[in-house]
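Taking it in order: structure first as structure tokens, then the write-up.
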Amino acid sequence: MNVLKYAAETFLFVPFAAIVINNVFSKKMMEKCFHLLTGAVALSQIFATLFCIYSMDARGMSRFEFFMLEELYENDREFFCLTPVTLIFLLCIGIVAFVSVMVAKKTIDAKKTSYVNLLMTLIIGMNGMVMVNDFFSLYVFLDVVGLSSFVLIAMFRSRKSLEGSIKYIIISELATIFILTGLAFLFMQTGSLDYMDLNSSLLQNSSEPQTMLLSLSLILILSGFFVKAGAVPFHSWLPDAHQSADTSISILLSGIVIKIAGIYGIYVLTDLFSGVKAIQTALAAIGILSIVAGALLALCQSHFKRMIAYSSVSQMGYILLALSTGTTLGVVAAVAHVFSHALFKSTLFVNAAAIHEQAGTLEMDEMGGLEHRMPVTSFSSVIAFLSTAGIPPLTGFWSKLLIILALWTAGNPVLAGVALCASIFTSAYFLRMQKKVFFGKTPEHLASVREVSGSIKIIEIILTAITTLIGILFPLVLIFLQSRGIL
Amino acid sequence: MNTILSISLACLLVFCILSIMSHSLLKSAIFLALASAMLGVLMYMMGAVWAAVIEVSACSGLVTVIFISAISLSNIKKDDIHKQYEDKKRMRWFPITMIVGGILLIVIALAKDFTLTSALQQTTDHFKEVFWNTRQVDIMGQIVTILIGGIAVFVLFREEQENK
Amino acid sequence: MELFTWETNMLIVGFLMILAGCYCMIRTYHMLKIIIGVEVAMKAVTMFLILAGRINGNMDLSQAFVVTVIVIEVIVAVVFAGVTIGLYKKYGNMDIRNLTQLKG
Amino acid sequence: MFHAVSEWLSGGVNLLLCMVVLPALFGVVLWMCKKSHFLQTLLVLLSSLLNTLFAFVLYGMDDFVFNIPLTTFGFAYSFRIDAFASLFLAFTAGMFVLISLYTVVNLKKQSYNGLYLLYLYISLGMINGALMADHLGILLFFWEGLLCTLFGMLLIGNRDHPKAAMKALTISGLADLLLMLGILLTVLSAGTGNMSEIHALSLSGNHIVGFVCILLGALAKGGCMPFHSWIPQAAEDAPTAFLVGFPGAMEKILGIYLATRIVTELFVFEHGTAMSIAMMILGTLTIVLAVAMALIQKDMKKLLAYHAISQLGYMVLGIGTGLPVGIMGGLFHMMNNVIYKSGLFMIAGSIEKQTGTTDLKQLKGLGKKMPVTAACFLVFTFSIAGFPGFNGFFSKELVFDAALESHVIFYIGALLGAFMTALSFLKMGRSLFFGAYQVPEGTPPLRETKAGMLIPMSILAVFCMIFGLGNTLPLDTLLAPATGIQASFSGWPHSVLLVVISLFVLLLALLDHLYGSKKDGSPLHAADHIRHAPVLKHIYDAVEKGWLDPYHWLMAAMGGFSDVCVQVEKGIGFVYDKAVPRTVKRAGLALQRLSDGRLSHYLYLAVGGMLCIALLFWLL
């Protein structure tokens with residue numbers, strides 16, 4: 001038990017330690033090896049997660065509660081908790097952070113120490129958010145995540161990045177107001193915001209004013225998390241912020257932040273209020289709207305990163321749709337899609353970074369024919385696109401299949417059909433992207449473009465390999481799920 | 001007690017509205033600080049002593065200082081601001097909105113027969129234990145938040161090297 | 001008068017403050033004015049939290065919440081001011097209407 | 001050693017896996033040794049013969065079902081071999097030998113030959129897998145896999161303007177979506193996905209939707225009418241070797257396989273039901289519309305592509321009757337069509353290879369320089385036109401028989417198709433191989449096709465004749481045990497009247513052609529003296545003005561009809577190319593206008609969304 005506890009504590013302590021190391025030693029030295037430090041943190045997160053998965057599975061535990069600093073204070077409450085869902089989220093955080101570091105090595109030239117500090121606070125925020133046991137602490141870490149993201153976006157102080165940042169801040173503040181008001185009303189009726197207390201006390205109080213305040217608080221919390229997740233019609237900030245940030249930061253934002261800040265909160269909410277029909281309906285409605293509108297908007301974009309950002313909106317819709325079922329299978333499907341989305345979305349952003357590094361532009365109209373000049377980038381983007389569109393045997397196919405199965409078994413065949421048909425849009429906008437960027441004639445100013453080298457190329461290859469490999473091995477996961485009686 | 005509460009509540013609302021309505025940014029910030037102070041009084045009256053202290057010192061003090069320094073950085077003439085931002089025109093519907101919203105809320109409260117009452121037993125003397133023992137996670141979050149604040153000052157306010 | 005206890009009144013006033021804050025966020029052009037709207041709404045939220053503690057009798061916990069919320073509010077104001085000043089240096093004013101580079 | 005090999009071969013399971021995996025491996029090896037043409041040819045021969053050997057061994061085996069022990073949520077990885085599937089496997093393998101040989105010779109010196117062969121071999125693995133699959137999900141997997149390789153092959157020749165590839169991907173993707181939906185419905189309503197466990201679901205309620213979806217998906221693979229438009233496009237863009245392999249052969253095999261499976265086994269599909277009539281209408285429409293389009297084509301590849309669509313109509317018509325004779329005729333016609341149509345595409349490919357074009361206006365009188373090719377062409381033409389004695393004749397007569405039994409209108413439609421087929425092939429054959437020699441300028445002296453390409457053609461031509469006169473072999477020995485239909489349909493057609501009508505139609509076509517070619521001043525002037533006879537002269541003058549000219553009438557009618565067909569074609573194209581993308585684009589632009597970069601609008605949207613959710617909560 002002790003080892004597991006130490007492994008679990010690394011999720012918060014290692015980034016802290018990294019911040020200390022980063023600021024104690026001389027700035028010159030840290031700028032030279034910033035990628036080593038951050039890469040080590042990301043890797044330690046990945047390995048700690050894998051270890052926790054392994055040892056929890058070996059001991060047959062489905063949740064592990066622990067409490068940091070227990071030597072200092074006596075307490076009967078455990079503050080943190082690891083569950084399988086949490087662990088998958090933590091794994092995604094580790095992977096995406098690692099990808100971001102590998103890209104940052106190439107793309108970030110100045111303010112490296114600040115990047116490291118903010119990345120670490122972002123990781124602390126996300127790790128804390130998924131591990132805490134209390135709704136208010138979740139809000140606190142949500143704001144940690146939000147604040148780190150604001151500063152990360154605005155870090156280089158170009159016109160665009162400041163603009164994206166300020167839009168994100170203001171809309172996030174709106175979300176914060178919503179969430180906090182909702183929490184206040186929730187707290188008003190329960191006297192505690194601990195998940196366990198919420199679970200046990202809410203079912204008893206059901207007199208008239210209480211339920212009105214309760215549904216009000218649910219509406220507000222749900223809307224707040226929708227804003228954070230970038231679901232249509234709360235999505236408008238997302239493409240602006242993701243487009244304007246440096247690519248290594250866009251990877252973090254699109255790959256993991258919207259999922260932790262938005263989807264995980266909604267997951268907690270659906271978990272606590274699994275009996276409320278209206279939440280499920282709202283999730284399904286917003287999910288379908290996001291899928292369709294996001295895809296339509298992605299189809300009209302001319303900026304590479306903006307298109308990928310809208311694709312994120314569309315994919316968030318799928319996850320919301322999976323959560324709307326309220327079944328265990330739905331949660332599994334959502335988590336699987338979070339994982340596969342983290343993989344393919346980071347691949348696409350890495351491609352964006354490669355193209356930006358080599359060709360110097362991200363406007364799709366100015367590109368063309370990069371297929372022969374950047375074969376690795378082209379190939380990895382094709383794999384990521386196929387995974388997004390749900391072509392077997394890649395990861396995206398399986399997670400989409402699980403979502404559709406979950407919808408079907410929950411008795412929503414119409415939604416399943418719509419989700420299936422919307423895949424056509426996904427293929428459409430990615431085909432358009434492929435055609436504009438990689439096929440066709442090479443314009444003259446791109447004649448001397450070469451394949452990207454170094455860390456970006458390596459990470460492209462690694463991500464492509466993982467996407468394919470996990471896709472091929474996914475039937476094992478299905479067998480595992482079946483043995484647990486989920487399928 | 002109810003009288004003081006009601007008066008300070010009314011003051012809070014009035015100060016908030018004034019801070020939004022006033023066309024000078026400086027006045028806005030000052031009204032906001034006053035509203036904050038009123039909220040502190042309100043909290044004190046309700047028994048939340050610690051929160052009241054923090055509210056008055058942090059919100060009323062620190063935030064106002066931040067605002068005023070930001071306002072002083074952008075010293076534009078008052079008339080220009082009026083012309084440029086069309087505040088009068090834009091805020092034309094604000095009082096009406098407030099009145100309509102207030103009436104609507106009162107009507108809802110009447111229609112739903114909505115009423116709230118305080119719990120009879122109030123526990124207000126264990127704040128330290130509660131704050132330091134059961135909210136350690138929040139404190140950790142606060143520390144990180146303050147850290148981010150420091151980094152933000154470092155990143156966003158510092159002049160860039162190239163500019164010099 | 002039984003209906004409108006001071007708790008109910010406080011709820012109504014809080015909603016009105018949130019309404020005013022949102023109105024200010026949406027309808028003003030000056031960035032600092034926008035954050036003043038946000039602050040007004042946040043005042044209402046802190047009031048709600050204290051009210052909630054008062055109503056369920058758990059004032060200690062609600063105080064703890066409020067302290068955390070206030071700290072976060074201050075940091076948000078700092079970050080916002082930083083970004084706003086950055087924009088002021090680029091554009092020479094604080095008009096939110098300038099910010100339409102990113103669209104579509 | 002030999003014992004061990006035979007022992008291993010007799011375990012059907014090993015063979016089964018080999019047939020899926022080995023082609024892909026061979027494909028990779030072929031891709032690796034793309035530098036050496038000789039090695040490639042050798043390997044192609046070796047691998048395709050090995051594949052044929054496996055297929056024939058499987059054909060000799062009894063029926064069996066094999067489950068890979070990896071079962072998840074009612075999704076069994078199960079394969080099965082029965083008489084029907086193994087016949088198709090053997091036929092595919094046999095055809096593949098010829099096609100791959102032709103491909104490797106035809107693509108010599110092309111930069112993409114290695115990659116193309118890789119795709120081709122992976123496709124073979126996919127096709128084998130699809131034919132052997134027992135679970136419908138597995139079938140779908142291989143089916144989708146084939147779509148991927150298809151996309152690759154179409155893309156390969158023309159990367160800059162991948163119009164055909166995009167079109168194929170959109171259309172086939174749509175069709176496969178239908179198939180997926182149909183399979184889902186069927187699996188859900190039947191409670192199992194294994195074809196060996198689904199028996200004769202009645203066509204009612206849920207089943208109908210599932211049936212229609214699967215059927216449309218299957219026929220779309222073959223290129224049935226609303227899903228056909230990528231094939232002519234491919235005839236413009238893709239390598240000819242692709243036309244030989246896919247629209248010519250493999251897709252027909254696969255499509256007809258699945259269609260027959262569901263019609264005869266999985267569902268109760270009876271003659272005279274609404275579903276049967278709908279399928280027959282679909283078949284007849286495909287025949288007539290596609291052949292009318294073919295008639296006005298001036299490019300050999302495109303003409304053949306339209307014929308490939310039209311011929312599928314006969315199979316759909318035959319199977320759609322639901323009668324034993326129709327099913328037998330449809331299957332037999334599929335085999336025959338695969339033989340002569342891939343032969344015809346091969347000829348087109350070799351002519352293109354020799355002269356650099358397939359434009360009929362630029363090519364004339366090639367017969368003397370390429371006598372063997374011309375002879376093969378003659379045989380294929382007789383077959384496709386249904387000349388008595390050749391294989392196409394017998395299968396068409398069976399289909400006619402079945403059509404007549406259903407309703408005379410289908411028979412007339414089929415006859416009309418036969419008439420126009422004969423007409424277009426007479427036109428093409430005569431201008432291509434007879435008359436004065438003419439090739440585009442700058443072509444090197446014309447030679448006979450290379451042996452590597454000639455051999456497959458000749459073998460196919462020989463099979464045309466064997467399947468024609470010796471039709472006991474395909475009908476009684478091969479198809480009858482596979483389908484389980486007891487009655488014998490071999491030998492000459494039993495109804496003399498039908499034969500006479502068919503012959504009459506052919507004659508009519510010939511006459512019409514002769515008349516027309518004379519009128520358009522083509523090389524034949526045999527009937528000139530009649531033109532100048534003293535009495536007839538005046539009549540002819542009147543006729544030449546078009547007064548009493550049945551040809552004019554016919555051609556005008558035909559022209560009008562073709563115009564209608566062109567309009568239909570344009571309409572379908574419009575839906576695919578313009579209407580859908582435009583709607584999508586407009587919707588996207590409208591949404592774009594919402595997110596115009598103004599922060600206040602963003603906030604409006606967010607608050608509005610919150611109010612909408614509140615409304616939702618209030619309503620529930």
Side-chain angles (χ1 to χ4, degrees), chain A residues 163 166-167 170-171 174-175 178 215-216 218-220 222-224 226-227 231-237 239-240 277-279 281-282 285-286 292-293 295-301 369 371 386 391-393 405 408 417 420-421 423-425 427-428 431 435 439-441 475 478-479 481-482 487, chain D residues 70-75 77 140-141 144-145 147-148 155 159-162 165-166 169-170 173-174 177 180-181 184-185 188 580-581 583-620:
Chain A
E163 180 185 337
I166 205 156
K167 285 178 180 169
I170 293 170
I171 296 196
L174 191 69
F178 284 168
S215 41
L216 190 62
L218 287 183
I219 292 165
L220 289 169
L222 208 57
S223 315
F226 278 147
V227 172
V232 177
F234 307 90
H235 68 287
S236 348
W237 63 272
D240 292 357
K277 188 85 182 134
I279 292 185
T281 319
I286 296 286
V292 176
L296 286 176
L297 280 162
L299 209 52
C300 297
Q301 300 308 317
E371 183 191 21
L386 292 177
I391 305 289
L405 270 176
W408 193 286
L420 204 65
C421 293
S423 300
I424 296 174
F425 286 125
S427 318
L431 277 177
K435 203 172 121 194
F439 301 148
K441 270 187 192 167
L478 296 183
I479 291 170
L481 289 178
Q482 201 188 23
L487 272 173
Chain D
L70 199 68
T71 312
T72 47
F73 52 100
F75 198 84
Y77 290 78
L140 190 67
F141 169 75
E144 298 283 345
L147 179 63
C148 293
L155 204 58
R159 282 190 200 205
D160 298 333
H161 305 285
M166 301 307 246
L169 195 68
T170 343
L174 200 71
L177 206 71
M180 195 187 286
L181 217 65
L184 261 173
L185 282 173
L188 277 178
V580 174
T583 321
V584 168
K585 188 91 190 165
R586 272 204 199 127
L589 287 177
L591 282 170
Q592 243 182 336
R593 222 164 292 142
L594 273 180
S595 55
D596 58 351
R598 303 285 288 273
L599 188 78
S600 56
H601 293 183
Y602 291 8
L603 291 166
Y604 272 132
L605 269 179
V607 174
M610 193 270 281
L611 291 178
C612 285
I613 293 176
L615 194 70
L616 212 107
F617 267 68
W618 185 60
L619 286 178
L620 288 170

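This is a predicted model, so every value here is computed, not measured. Letters go in sequence order (proteins before strands), and every chain restarts at 1.
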Roughly how far, to the nearest 0.5 Å, is CG of D:Leu616 from CD1 of A:Ile286?
8.5 Å

Toward chain A, the part of D:Leu177 with a non-hydrogen atom under 4.5 Å:
side chain

Which portion of A:Leu220 sits near chain D, non-hydrogen atoms under 4.5 angstrom
side chain

Before giving the answer on side chain to side chain contact (heavy atoms under 4.5 Å, CB included), spell out for D:Leu619 and A:Thr281 the whole-Å C-alpha distance, their side-chain angles and the decisive distance to 0.1 Å.
CA-CA 11 Å; D:Leu619 286 178; A:Thr281 319; over 6 Å; no

Side chain, backbone, both or neither of D:Cys612 within contact of chain A (heavy atoms, under 4.5 Å)
neither

Do D:Met610 and A:Leu174 pass the side chain to side chain contact (heavy atoms under 4.5 Å, CB included) test, and can you show the C-alpha distance, the side-chain angles, and the key distance before you say yes or no?
CA-CA 11 Å; D:Met610 193 270 281; A:Leu174 191 69; over 6 Å; no

So for D:Leu147, is it side chain, backbone, both, or neither that comes closer than 4.5 Å to the heavy atoms of chain A?
neither

For D:Gly609 versus A:Pro233, what's the shortest heavy-atom pair and its separation?
CA-CG, 3.8 Å

Would you give the length of the straight line joining atom CG of A:Leu299 to atom CG of D:Leu591, rounded to the nearest 0.5 angstrom?
11.0 Å

Only pairs of heavy atoms separated by less than 4.5 Å count here; which of A:Ala175, A:Ser223, A:Ser236 has the most with chain D?
A:Ser236

Before you tell me yes or no, could you show the steps for A:Asp240 and D:Tyr602 under side chain to side chain contact (heavy atoms under 4.5 Å, CB included), namely the whole-Å CA-CA distance, both residues' side-chain angles and the distance that decides it to 0.1 Å?
CA-CA 11 Å; A:Asp240 292 357; D:Tyr602 291 8; 2.5 Å; yes

Who are the side-chain contact (heavy atoms from CB on, under 4.5 Å) partners of D:Thr583, not counting sequence neighbours?
none

side-chain contact (heavy atoms from CB on, under 4.5 Å) with D:Phe617: which residues, sequence neighbours excluded?
A:Ser215, A:Leu218, A:Ile219, A:Leu222, A:Ala278, A:Ile279, A:Ala282, D:Ile613

Which atom pair, heavy atoms only, marks the closest approach of A:Cys300 to D:Lys585?
SG-O, 4.0 Å

